[in-house]
Amino acid sequence: MAKIQADEISSIIQERIENFELKVEINEVGRIVSYADGVAKVYGLNNAMSGEMVEFEDGTKGLILNLEEASVGVVTLGSGVMLREGMSVKRLGKLLSVPVGDALLGRVVNAMGEPIDGKGPIETTQMRFVEEKAPGIMARKSVHEPLATGIKSIDALVPIGRGQRELIIGDRQTGKTTVALDAIINQKGNGVVCVYVAVGQKESTVAQVVRRLEDHGAMEYTIVVSATAAEAAALQFLAPYTGVTMAEYFRDNARHGLIVYDDLSKHAVAYREMSLILRRPPGREAYPGDVFYIHSRLLERAAKMNDDLGAGSLTALPIIETQAGDVAAYIPTNVISITDGQIFLETDLFNSGVRPAINVGLSVSRVGGAAQIKATKQVAGTLRLDLAQYRELQAFAQFASDLDEVSRNQLERGQRMVEVLKQPPFSPLSAEKQALIIFAGNEGYLDDINPGSVVRFESELYPFIEASYPQIFENIRKNLKIDDDTNALMNKALEEFRAAFIAD
């Protein structure tokens, strides 16, 4: 029998001691006292924090939103159909986080950042907390670069800049989503990553949006976050925060992002439902007192960062649905006061064939000319005033039998400018084409064209210019302004084209 040396034994014992790992997991576990409508009252989680994640016995995740003396209020992030009174609830000791990164591009995810498009798992290692704080004053820079939407009436009259928050507001079925999708489609090749957040929409509507983006090749730089009407109110409430967290990743990595919240009216309704079930005191229109804060902390995360932080930007296009054009209701006024301007879409205009149905008088951008290239500023300088005068004159002309010649000419010109600003959906225009057609209207080249033929005039003008005078578009693209040479060339080209068009 071989003898075991004492020093061998001591070295083995020493090695075991060094490699000894004590794995003790301490969990604070509570019990469900009551559960109804997606909200559980849990007893026993004495050290829980607001906004912390918990896990129920059946694997369902929850989010702590209410802290009371004897219990906590937890909203379930899922169906919660298996939850029962008496079930155990475990604290996870972490805040809600979602995956971020380039791997999400082209994907459709739910409010938890999980894929729902059937294209397999998302390969990303980075996670971010959903409740990030908005950048401070010193981290920002004023908005100065245009974010072109490709829509004439927006780029010329209510321009949007990178880092701006521009509200799209109007009744249902006035083309709000179409305007937002046009803006996303126009970012193709501009290096802008887009995020579309669908809150409380029908699943078929979201599927249509995804298909539309795929058809125009926009899905490759877009992330769609969906919390449909069938999902829990908590998930509908979380979806915009999930979307903005994913978009912030690009902003913070010196890139540019555009996020669309479709829409924040349904988001507020989901939050109201959640708050009332949590027994929080209701305020005006039964919304809880902090409904303003939930939108302000969301929209403040859109920003143009300063050069030291990479000069990235995140532009937000929140959408609000009004009831019978009531802009003075609670949620619309709240969001108007948070944003840097609004695009107001009107049912009457939409029904009369003016599409996009933008009411130029009520729409405003608080960034203004800082978000336009010089060429657009040159041609659209007086356009808003001209259209406002035309609307006023139009109302007056209904009652006046004979008008003086100046007024009549103004009416004729205004009628044609309204036609110029019409644009079919999903066909965004480059800045140089917009500048050319508005220039044609301003300089009177459309005055003797029948208003009904203005749209055809425009559609035939671009191919003519590209074939015969391509340097016009090249000059505007390169110099971003209309110099004297380009101006002379534009006049010559329009004169030639108009003569051919009339003869035709």
Side-chain angles (χ1 to χ4, degrees), residues 100 105 128 131-151 154-169 179-197 218 221-223 225 240-262 264 295-320 335-343 363-374 376-377 428 431 480:
V100 295
L105 296 176
R128 276 193 174 207
E131 286 290 353
E132 284 285 354
K133 230 175 131 194
I137 296 167
M138 298 311 291
R140 296 169 183 256
K141 191 178 182 183
S142 61
V143 175
H144 64 278
E145 310 159 293
L147 183 116
T149 62
I151 301 169
I154 293 178
D155 292 345
L157 298 164
V158 273
I160 299 170
R162 287 183 176 178
Q164 192 177 342
R165 298 148 304 176
E166 183 80 9
L167 173 65
I168 301 170
I169 185 167
V179 167
L181 292 183
D182 266 336
I184 291 176
I185 291 164
N186 197 51
Q187 301 317 311
K188 194 172 188 175
N190 291 347
V192 177
V193 173
C194 302
V195 180
Y196 177 83
V197 183
Y221 54 85
T222 304
I223 304 165
V225 181
Y241 298 99
T242 300
V244 76
T245 303
M246 291 170 177
E248 273 177 335
Y249 166 83
F250 301 101
R251 181 200 72 193
D252 296 341
N253 282 293
R255 289 159 77 181
H256 300 286
L258 167 69
I259 185 162
V260 174
Y261 303 110
D262 194 2
L264 291 189
H295 285 157
S296 60
R297 79 166 188 255
L298 173 70
L299 292 166
E300 281 298 319
R301 288 165 75 171
K304 167 71 185 162
M305 307 305 279
N306 65 30
D307 295 341
D308 298 339
L309 294 170
S313 72
L314 177 57
T315 312
L317 294 179
I319 294 176
I320 285 283
V335 182
I336 285 170
S337 67
I338 299 164
T339 50
D340 309 313
Q342 68 274 352
I343 295 163
S363 301
V364 63
S365 169
R366 296 194 186 111
V367 172
Q372 277 177 321
I373 62 166
K374 189 154 188 239
T376 310
K377 264 191 243 179
L480 302 178

### Query
Yes or no on side chain to side chain contact (heavy atoms under 4.5 Å, CB included) for Tyr221 and Ile184, after CA distance, side-chain angles and deciding distance?
CA-CA 9 Å; Tyr221 54 85; Ile184 291 176; 4.3 Å; yes
Taking all non-hydrogen atoms of both residues, which atom of [X] and which atom of [Y] are closest, and how far apart?
X: Gly163; Y: Ser313; value: N-CB, 4.0 Å
X: Val158; Y: Ser363; value: CG1-C, 3.6 Å
X: Gln187; Y: Cys194; value: CG-SG, 3.9 Å
X: Tyr196; Y: Thr222; value: N-CG2, 4.5 Å

Quiz item: Does the side chain of Asn186 pick up a donor-acceptor pair with the side chain of Thr149 at under 3.5 Å?
Solution: no
task: May I ask you to check whether Thr339 and Arg366 show a side-chain donor-acceptor distance below 3.5 Å?
output: no
Result for side chain to side chain contact (heavy atoms under 4.5 Å, CB included) between Ile319 and one of Val179, Val260, Ile169, Ile343 points to Val260
Do [X] and [Y] have side chains that approach each other closer than 4.5 Å (heavy atoms only, starting at C-beta)?
X: Asn306; Y: Met138; answer: no
X: Leu299; Y: Val335; answer: yes
X: Gln342; Y: Val364; answer: yes
X: Val195; Y: Leu258; answer: no
X: Asp252; Y: Arg128; answer: yes
X: His295; Y: Pro318; answer: no
X: Ile373; Y: Pro146; answer: yes
X: His256; Y: Lys304; answer: yes

Spatial distance of atom [atom1] ([X]) from atom [atom2] ([Y]) [nearest 0.5 Å]:
X: Asn253; Y: Leu309; atom1: CG; atom2: CG; answer: 11.5 Å
X: Thr245; Y: Arg301; atom1: OG1; atom2: CZ; answer: 4.0 Å
X: Leu167; Y: Leu264; atom1: CG; atom2: CG; answer: 8.0 Å
X: Thr315; Y: Arg251; atom1: OG1; atom2: CZ; answer: 11.0 Å
X: Ile338; Y: Arg297; atom1: CD1; atom2: CZ; answer: 11.5 Å
X: Asp155; Y: Ile160; atom1: CG; atom2: CD1; answer: 7.5 Å

Residues at least two apart in sequence or cross-chain that pass salt bridge (charged side-chain N to carboxylate O under 4.0 Å, His left out) with Glu166, listed by chain then number, are none
Across all chains, not counting sequence neighbours, the salt bridge (charged side-chain N to carboxylate O under 4.0 Å, His left out) partners of Arg165 are Glu300, Asp340
